[in-house]
Amino acid sequence: MKLRSTLLIALTATASAIAVLAPQATMAQAATPKLAQSQAGYHRLKVGDVEVIALSDGTIGLDKKLLQTEDRHALDAALAFAYVASPLDTSVNAYLIKLSGKRVLVDAGTGTLFGPTLNKLPASLRAVGVEPEQITDVLVTHVHTDHTGGLTDGPKRLFPNAVIHLDQREIDFWLNPINEAKAEQSAKPFFQQARTSLEPYLQAKQVQAFDGATDIFPGVRSVPAPGHTPGHSFYRLESQGSTLMFWGDVMHVADVQLPDPSVAIDYDVDAKAAVAQRKLAFADAAERGYLVAPAHMAFPGVGHLRPDGKGGYRWLPLPYVNDAVAASR
């Protein structure tokens, strides 16, 4: 009962934070000049012999007040050092894995739930020659609506031929009517949006839940990382000795949370556990040297970590490579 109460209190805080996100998005649009045209929404890379494509769902403003730290001076100093100001331009990234006979999407973007600067994932997919109907599987890191809102368009499944994979703990928490009934009014939209995103796939028997660490496909394995949400999961892709870890919401503001992984955010259901997971994830990636892909790192969001010598970490983005053989004229 104590854990459930703690989670619901945290969810209430999170819902309040999201309730103010739309005004903050307006602020971001005022602070940052609008582009006349949309950017290219994809970036190709290889992990061993597997093609991975980073896909942009768009960018939205994030208020620095959502970050949880007692040292606001250090937070402001970290942002100033990175030449960024609040509201922070925050990417929402998804990733396409091309496996033999499969087109696997990691997270599904926001859909129409977060305003006009997002919901670009379908266009990004089509730009790389993939229609939503061709997606065979979606690996959901967690059920927050910036990762699952794009699964549906109203009651319609946007990926009608896809199997949805996620940890059973996410289903048990977000689709539990008892949890919704006991939640504060401001937290109820989380549960309602989870139903909107998942129930069409559940009714079509297109959801496969797993329990913790599970081999999803050859070379693709789920890695439990609870804290941000009860069933928050990473996904590890391995091919020919190379590894890419899809990190979901291990962090939201790299310029702050890389130098100081102890900084939480209001969106964390269990902030203490989320901080612990972030510290473990950062340390492991830096020690072992594999690629990581956080959902909210500046697009395309793939790179390595190195210790910065001060107790934090430095981000080393994967360089842009365009070395395909040019087509003959």
Side-chain angles (χ1 to χ4, degrees), residues 10-36 38-39 56-93 109-110 113-120 142 144-147 149 186-187 189-190 227-229 247-272 274-275 278-279 282 293-301 303 305 308 310-315 317:
L11 276 170
T12 301
T14 304
S16 298
I18 287 182
V20 302
L21 191 56
Q24 294 303 334
T26 302
M27 291 171 60
Q29 292 160 9
T32 303
K34 271 187 163 289
L35 299 173
S38 180
Q39 298 274 25
S56 174
D57 190 51
T59 306
I60 194 169
L62 187 71
D63 194 329
K64 69 179 182 180
K65 293 178 182 178
L66 298 173
L67 292 164
Q68 298 177 1
T69 176
E70 295 181 0
D71 193 344
R72 309 305 295 187
H73 176 75
L75 185 152
D76 288 339
L79 294 176
F81 181 79
Y83 296 101
V84 294
S86 183
L88 315 169
D89 291 321
T90 303
S91 293
V92 177
N93 306 328
T110 63
L113 299 176
F114 283 84
T117 62
L118 291 164
N119 196 27
K120 297 184 174 80
H142 62 296
H144 277 162
T145 48
D146 55 326
H147 299 259
S186 58
F190 284 99
H228 181 62
T229 64
W247 259 355
D249 278 8
V250 72
M251 63 178 165
H252 291 76
V253 183
D255 295 319
V256 172
Q257 293 173 300
L258 280 172
D260 185 0
S262 69
V263 176
I265 193 166
D266 284 357
Y267 301 138
D268 293 330
V269 171
D270 184 337
K272 184 177 179 180
V275 166
R278 180 161 45 255
K279 290 179 177 180
F282 285 5
H296 299 300
M297 178 63 73
F299 187 78
L305 262 61
D308 65 5
K310 304 174 184 178
Y313 297 86
R314 179 185 174 193
W315 175 250

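Being a predicted model, the structure only gives us computed values, none of them experimental. Values below: all heavy atoms of this structure, side chains included; hydrogens, waters and symmetry mates excluded. Numbering starts at 1 and runs along the sequence shown.
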Ignoring hydrogens and angles, tell me if any N or O in the side chain of S56 forms a donor-acceptor pair with the backbone of G58 under 3.5 Å. yes
Indicate yes or no for a side-chain donor-acceptor contact from N93 to the backbone of M297 under 3.5 Å, with no hydrogens or angles considered.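 Indeed, once roles are kept as given, a pair shorter than 3.5 Å links the two residues.
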Among residues at least two apart in sequence or on other chains, which ones pass side-chain contact (heavy atoms from CB on, under 4.5 Å) with A295?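 H147, D249.
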Could you tell me which non-hydrogen atom of [X] sits nearest to which non-hydrogen atom of [Y], and how far apart they are?
X: A78; Y: D255; result: CB-O, 3.6 Å
X: P261; Y: V275; result: O-CG1, 3.8 Å
X: P294; Y: W315; result: CD-CH2, 4.0 Å

Rounded distance (nearest 0.5 Å) linking atom [atom1] of [X] with atom [atom2] of [Y]:
X: K65; Y: L75; atom1: NZ; atom2: CG; value: 12.5 Å
X: T69; Y: I265; atom1: OG1; atom2: CD1; value: 12.5 Å
X: L67; Y: L79; atom1: CG; atom2: CG; value: 7.5 Å
X: T229; Y: D270; atom1: OG1; atom2: CG; value: 10.5 Å

Under 4.5 Å between any side-chain heavy atoms of [X] and [Y], yes or no?
X: F114; Y: T145; answer: yes
X: H228; Y: R278; answer: no
X: I60; Y: D146; answer: no
X: L62; Y: P87; answer: no

Could I get the full list of side chain to side chain donor-acceptor pair (under 3.5 Å) partners for [X], not counting sequence neighbours?
X: T110; answer: D57
X: S38; answer: none
X: D260; answer: S262

After noting the C-alpha distance and the side-chain angles of L258 and D308, does the key distance pass the side chain to side chain contact (heavy atoms under 4.5 Å, CB included) rule? CA-CA 9 Å; L258 280 172; D308 65 5; over 6 Å; no
How about Y267 and H252: are their ring centroids closer than 6.0 Å?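 When the ring centroids of Y267 and H252 are compared, they turn out to be within the sub-6.0 Å range.
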The criterion is ring pair (Phe, Tyr, Trp, His ring centres under 6.0 Å); which residues satisfy it with F282, sequence neighbours excluded? W247, Y313
Apply salt bridge (Lys or Arg N to Asp or Glu O under 4.0 Å) to D76 and list each qualifying residue two or more places apart in sequence or on a separate chain. K64
Trace of the side chain to side chain contact (heavy atoms under 4.5 Å, CB included) decision for H296 with V92: CA-CA 5 Å; H296 299 300; V92 177; 4.1 Å; yes
